[in-house]
S.K.: 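Take a look at the following structure, please.
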Amino acid sequence: QVQLVESGGGVVQVGGSLRLSCAASGRTFSSYAMGWFRQAPGKEREFVVAITRSGGSTYYADSVKGRFTISRDNANNMVYLQMRSLKPEDTAVYYCAATTKTYYYWNSRTYDSWGRGTQVTVSS
């Protein structure tokens, strides 16, 4: 399994931006598709976005399309989530996840490894 560590969370005002980072350990990072999920208090963990192993394809939840952008740097074992036009409903703990599978990226059960999360709070 790959070890994942998220960073970049914080408090931001409505309409602001944040960039989350996820650092992965191991030599086989390019073998993993990567995803971001989030969990707000009292709610289930939900899919945000995923990117394939090569970075050639990305998949977004409707709620973040046009506002969030995922990218990855396989040379440096990093994946990023650029978040713009943030809304109060984006407030959650954001988790980075990795999977060797090539399907059902929207499903948290697809993922083998998870980070511990980073808190994002959007204040109005």
Side-chain angles (χ1 to χ4, degrees):
Q1 289 187 341
V2 63
Q3 305 300 315
L4 304 172
V5 179
E6 303 95 336
S7 61
V11 180
V12 62
Q13 291 188 336
V14 170
S17 299
L18 276 177
R19 189 176 83 151
L20 305 184
S21 300
C22 175
S25 65
R27 300 179 182 178
T28 59
F29 178 67
S30 60
S31 299
Y32 293 88
M34 301 298 295
W36 286 95
F37 287 74
R38 66 187 182 187
Q39 188 166 18
K43 296 187 177 181
E44 293 187 355
R45 191 170 297 189
E46 66 172 356
F47 170 74
V48 177
V49 61
I51 188 167
T52 53
R53 291 176 289 186
S54 67
S57 295
T58 55
Y59 306 89
Y60 292 88
D62 288 344
S63 58
V64 306
K65 277 182 183 175
R67 301 189 299 120
F68 290 13
T69 303
I70 189 171
S71 61
R72 66 186 296 162
D73 178 354
N74 283 348
N76 292 295
N77 289 12
M78 296 293 295
V79 64
Y80 304 100
L81 180 62
Q82 179 67 54
M83 305 185 294
R84 298 182 177 87
S85 301
L86 284 161
K87 305 175 181 179
E89 51 264 43
D90 294 319
T91 295
V93 177
Y94 283 71
Y95 297 91
C96 177
T99 180
T100 54
K101 300 180 180 67
T102 58
Y103 49 81
Y104 299 159
Y105 295 129
W106 50 268
N107 190 330
S108 62
R109 296 179 182 180
T110 298
Y111 294 82
D112 311 303
S113 301
W114 291 83
R116 299 183 69 175
T118 185
Q119 175 71 47
V120 171
T121 301
V122 183
S123 63
S124 56

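Just so it is clear, the model here is predicted, and its values are computed rather than measured.
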S.K.: What's in the same ILVMFWY side-chain cluster as Ile51, cut-off under 4.5 Å, chained through other members?
M.R.: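 Other cluster members: Val2, Leu4, Val12, Val14, Leu18, Leu20, Phe29, Tyr32, Met34, Trp36, Val48, Val49, Tyr60, Val64, Phe68, Ile70, Val79, Leu81, Met83, Leu86, Tyr94, Val120, Val122.
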S.K.: Are Arg19 and Tyr80 in a cation-pi contact, defined as NZ or CZ under 6.0 Å from the six-membered ring centre and within 45° of the axis?
M.R.: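 Flagged: Arg19 positioned over aromatic ring of Tyr80.
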S.K.: If the condition is side chain to side chain contact (heavy atoms under 4.5 Å, CB included), which residues does Val11 pass it with, not counting sequence neighbours?
M.R.: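 Residues passing side chain to side chain contact (heavy atoms under 4.5 Å, CB included) with Val11: Thr121, Ser123.
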S.K.: To the nearest 0.5 angstrom, please state how far the OG atom of Ser30 sits from the CZ atom of Arg53.
M.R.: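 Between Ser30 OG and Arg53 CZ, I get 8.5 Å after rounding to 0.5 Å.
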S.K.: Not counting sequence neighbours, which residues clear side chain to side chain contact (heavy atoms under 4.5 Å, CB included) with Asp62? List them please.
M.R.: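 Result, side chain to side chain contact (heavy atoms under 4.5 Å, CB included) vs Asp62: Lys65.
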S.K.: Excluding sequence neighbours, so at least two apart, what forms side chain to side chain contact (heavy atoms under 4.5 Å, CB included) with Lys101?
M.R.: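 Partners of Lys101 by the side chain to side chain contact (heavy atoms under 4.5 Å, CB included) criterion, ordered by chain and then number, come out as Thr99, Tyr103, Thr110, Asp112.
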S.K.: What residues form a salt bridge (charged side-chain N to carboxylate O under 4.0 Å, His left out) with Arg72, not counting sequence neighbours?
M.R.: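 Here no residue qualifies.
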S.K.: Please check this pair: side chain of Glu6 against backbone of Cys96, looking for a donor-acceptor N/O pair closer than 3.5 Å.
M.R.: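 Yes, Glu6 side chain to Cys96 backbone: donor-acceptor pair under 3.5 Å.
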S.K.: For Ala98, is there any backbone N or O sitting under 3.5 Å from a side-chain donor or acceptor partner on Ser113?
M.R.: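 Not a single qualifying donor-acceptor pair exists.
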S.K.: Between the side chain of Thr52 and the main-chain N/O of Ser57, is any donor-acceptor distance below 3.5 Å?
M.R.: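 Present.
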S.K.: Minimum heavy-atom separation for Ala97 and Tyr111, please, with both atom names.
M.R.: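 For Ala97 versus Tyr111, the nearest heavy atoms are CB-CD2, 3.5 Å.
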S.K.: Please indicate whether Glu44 has more than 12 foreign heavy atoms, meaning atoms of other residues, nucleotides or ligands, lying under 6.0 Å from its CD.
M.R.: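 No.
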S.K.: Taking atom OG1 of Thr100 and atom CD of Gln1, what is their separation to the nearest 0.5 Å?
M.R.: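 Going from OG1 on Thr100 over to CD on Gln1, the span is 9.5 Å.
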S.K.: Nearest 0.5 Å, what's the CD-CD distance between Glu46 and Gln39?
M.R.: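 These two atoms lie 9.5 Å from each other.
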S.K.: Check Ala92 against Ala40 and note the closest heavy-atom contact, atom names and distance.
M.R.: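 Looks like CB-N, 3.8 Å.
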S.K.: Hydrophobic clustering (ILVMFWY, side-chain heavy atoms < 4.5 Å, transitive) - are Val5 and Trp114 grouped together?
M.R.: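 The answer is no; the residues belong to distinct hydrophobic clusters.
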S.K.: Looking only at heavy atoms, what is the nearest atom pair of Ser21 and Met78, with distance?
M.R.: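 Between these two residues, the closest heavy atoms are CB-CE, 3.8 Å.
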S.K.: Please name all residues satisfying side chain to side chain donor-acceptor pair (under 3.5 Å) with Lys43, sequence neighbours left out, ordered by chain then number.
M.R.: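 Per chain and number, Lys43 pairs via side chain to side chain donor-acceptor pair (under 3.5 Å) with no residue.
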S.K.: What's the shortest heavy-atom distance between Tyr105 and Ala33, and which atoms?
M.R.: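 So the two residues come closest at CE2-CB, 3.5 Å.
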